[in-house]
Amino acid sequence: MNRIYSLIKDLFLAELDRWNLWLPVAFGLGIAVYFLLPQEPFWAVGPLLFLMCMAGFLLTRRNICLYCFFLALCFATGGFALIQTKANLAAAPRLSKNMRFVWVEGTVDQVELYPNARRLTLSDVFIDRISPEKTPKRVRIRANGLSPEIKKGDRIEIRANLMPPGLPTEPGGYAFCRLLWFSQIGATGYATGHPVVLQKKDALSGMDLFENLRQKIGDRIRTVLPPEQAGVVLPLVIGSGTSISQKTYNHYRDAGIAHVLSVSGLHMMLIAGLVFAFMRFFLTLFPPVALRINTKKTAAVVALIIPFLYLMISGLAVPAQRSYLMLFVVFTAVILDRQALSVRNVCWIGFFILLFKPESLITASFQLSFGAVLALICAYETLKKPMQIYLYKQKNKFVRWIIGLAFGFLITNIAAGLATAPIAVYHFYRYPTYGILGNFLTSSLFGIIIMPLLLISVLCMPFGWDVYPLKAAGFFLDLVADITAWIAGLPKASVLVPALPTWGFTCFILGGLWVCLWRTKIRLGGLVFLFIGAFSFLCHTTPDLFISQGGRLIGLQENGHFSFSTLTREKRTRQSWMERNGYNPNATVNLIETPFVDVKGYRIALTPEACTGADIAVLPQKETPLCEAPLILDYKTLWNKGAHTLFLTPTGISVKNAADTMGMRLWHPNVQAPFLLDFFTNALINKEKE
């Protein structure tokens, strides 16, 4: 026993310089624990735990073991306290019921372009028939048509149908209301008329200038390129990823390169790398300049400025901000003669981002970007020396260069593909079988040809010389489209995987971090967690009966075949049910035409007349008739509890609903969340009364 203890101790002591990398992980773990709680804790729990751990940290400085233990706890409880406080401060009024044909007046915060439509986010909102204290702080409305021209800061009026943030479409599904909570959006809906501009914004700030420039660049791209090519170029240049056609997106997704359809770290690094290489080459053409200044550091400074302008033009998307921050650290390290790419940099950049946006931890973009970068750097650290020794043995410089380039492309795609696969499966329920092939065939086109051409075209737009670079980029995008269409047409190009359980995904994340953050043999222990996570989807059980919120759609699953109560309404909900459970959402489905169905020995009544002898009655009518079935799901239950799933077994019926599965959290639509500032205000008022 002592030998085993000594062996483990020696292994961990050999990793002494890597211990601090787990502090950002502890911070993220505290944030994750908050989101996993089934009930909302008292608002002071997080801050009190943090203060207690901080006291323990200060009192145990002489004991190294307790010192390290309390330091890790300080980071974990600090993450918990931060996200809990931010969630409470994000509290804002929300709509309590659907409202039809109401006039909404507000200031435009954001304009997102869709094919033949726009999505407007409004602040400083006024809604008729709602008192000011109950009016949502922000509202999001989809408006069909592209006229009149609306810009950020304009005051508009629009007639719309509004609805409160809804529950997930299936118990355990994605909680869209949580995203709206942190954005303080209290109502969503769609316009029933054209928006009317009441007042144009007169004074232009720096952000407005960039926004206008962004819109002009987008208009120019739409003018020069056909819609299909423009739909791909717009996300690359101005971050408008909502104008791409569904067919093109499906091909990119099935080929495993959907990540290029946004302003991400890939594009930011490509732009920065191109500027850095060009500036350093350009400066070396002038020997008097090259001999007097450090061309490497000068190029690094310029390579920070150009991507910053790209960041502003792209609309300051959150993934783009995260990418630029990582880029800033890399080139700052170059300027200070430090190692630019290291695991330490990635971990502490992640901590810095979570410090300002802790809610981004549970988003797919955060997990995908950091998972890919961390895997790439760890693969580089592990294979750097063996590859250098192998290349050194190659005497022909050209052969050495070709092998090094091919090996770099291969390792990059394999490492990034393996790291992001479980994250993509957890969030999107799909695994692109040929993702490594798709990235290998298209990454060089994007990195060497397409992105440089787009950069040149944007720089040439003020002079009107942008047509030829844009046309050339469009030609190569057509080539990429042909490649993705070919890959998407291969057998089993995209494998649908049932939703991974949260514990299985957690095993993936912890196992991946364990493998990446350690350097010695101790990292092999992470393979156990990866193995458990890889087979966790086998624990998934597909429900036998699906019911949407309010009962507008009822779905039945028998041996992998689906039947639905309607094929015209709730199409997206129907596809979401099938996709989440590992079935093709475009597969042929049947229509339920009978008033009752028999499944696994249970009779399910779908109309009041079929209640006699039924075991389960699903009655979405607003006026619930008399029914003697043992289990009745009426309109009130289906609306308040949200979507339901039923599991029918010989031993009984298991019922799950979206409301109870989500737990009574602040963002729960049926919870009247307390306002943290109101708590202090009421406390002061009560004290004055006393």
Side-chain angles (χ1 to χ4, degrees), residues 24-25 28 31-32 35 174 178-179 235-236 239 241-242 244 249-250 252-270 314 317-327 341 343 345-347 349-354 357-380 411-436 438-440 442-443 446-447 484 494-495 497 499-500 502 504-513 515-517 530 533-534 579:
V25 175
I31 298 173
F35 283 113
Y174 178 70
R178 182 173 54 201
L179 175 65
L236 301 178
T242 53
I244 189 171
Y249 175 78
N250 290 342
Y252 275 65
R253 179 198 62 196
D254 294 342
I257 63 168
H259 58 275
V260 305
L261 298 174
S262 65
V263 180
S264 60
L266 171 65
H267 304 133
M268 199 71 75
M269 284 294 182
L270 287 175
S314 64
V318 174
Q321 295 179 37
R322 186 166 58 245
S323 303
Y324 183 78
L325 180 60
M326 190 174 298
L327 191 68
L341 291 173
V343 177
N345 286 348
V346 175
C347 290
I349 288 170
F351 168 76
F352 187 75
I353 291 170
L354 292 177
K357 288 192 71 68
E359 69 275 13
S360 65
L361 176 74
I362 58 174
T363 61
S365 62
F366 180 92
Q367 296 168 6
L368 288 169
S369 60
F370 275 97
V373 172
L374 190 61
L376 288 174
I377 294 177
C378 292
Y380 173 77
I411 293 301
T412 298
N413 290 307
I414 291 176
L418 292 177
T420 57
I423 301 172
V425 168
Y426 179 75
H427 289 281
F428 309 117
Y429 321 118
R430 288 177 180 268
Y431 176 71
T433 310
Y434 309 105
I436 295 176
N439 281 277
F440 187 78
T442 60
S443 58
F446 275 100
T484 56
S494 181
V495 179
V497 182
L500 293 177
T502 302
F505 182 64
T506 303
C507 286
F508 262 125
I509 298 298
L510 292 178
L513 289 171
V515 170
C516 290
L517 298 188
L530 293 175
E579 199 170 33

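Just so it is clear, the model here is predicted, and its values are computed rather than measured.
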**Study point:** Working for side chain to side chain contact (heavy atoms under 4.5 Å, CB included), residues Val343 and Cys378
**Key:** CA-CA 7 Å; Val343 177; Cys378 292; 3.9 Å; yes
Hey, what do you get for [atom1] ([X]) to [atom2] ([Y]), rounding to the nearest 0.5 Å?
| X | Y | atom1 | atom2 | answer |
| --- | --- | --- | --- | --- |
| Leu510 | Leu530 | CG | CG | 9.5 Å |
| Glu359 | Leu354 | CD | CG | 9.5 Å |
| Thr506 | Leu500 | OG1 | CG | 10.5 Å |
| Leu513 | Leu374 | CG | CG | 6.5 Å |
| Ile362 | Ile31 | CD1 | CD1 | 10.0 Å |
| Phe352 | Asn345 | CZ | CG | 13.5 Å |

Exercise for review: Under the ring-ring contact (aromatic ring centres under 6.0 Å, His included) rule, collect the residues that match up with Tyr426, sequence neighbours excluded.
Suggested key: Phe505
Check your understanding: For Phe428, what residues pass the ring-ring contact (aromatic ring centres under 6.0 Å, His included) criterion, not counting sequence neighbours?
Key -> none
Between [X] and [Y], which heavy-atom pair has the shortest distance, and what is it?
| X | Y | result |
| --- | --- | --- |
| Tyr429 | Ala499 | CE2-CB, 3.8 Å |
| Phe351 | Pro24 | CB-CB, 3.8 Å |
| Ala255 | Pro432 | C-CB, 4.5 Å |
| Ala372 | Thr420 | CB-CG2, 3.9 Å |
| Ser360 | Phe366 | O-CB, 3.1 Å |
| Ala419 | Gly371 | CB-O, 3.5 Å |

**Study point:** Verdict with supporting geometry, Ile353 and Phe370, side chain to side chain contact (heavy atoms under 4.5 Å, CB included)
**Key:** CA-CA 11 Å; Ile353 291 170; Phe370 275 97; 3.7 Å; yes
Review point. For Glu579, what residues pass the salt bridge (Lys or Arg N to Asp or Glu O under 4.0 Å) criterion, not counting sequence neighbours?
Key: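 Scan of Glu579 (salt bridge (Lys or Arg N to Asp or Glu O under 4.0 Å), adjacent residues dropped) gives Arg430.
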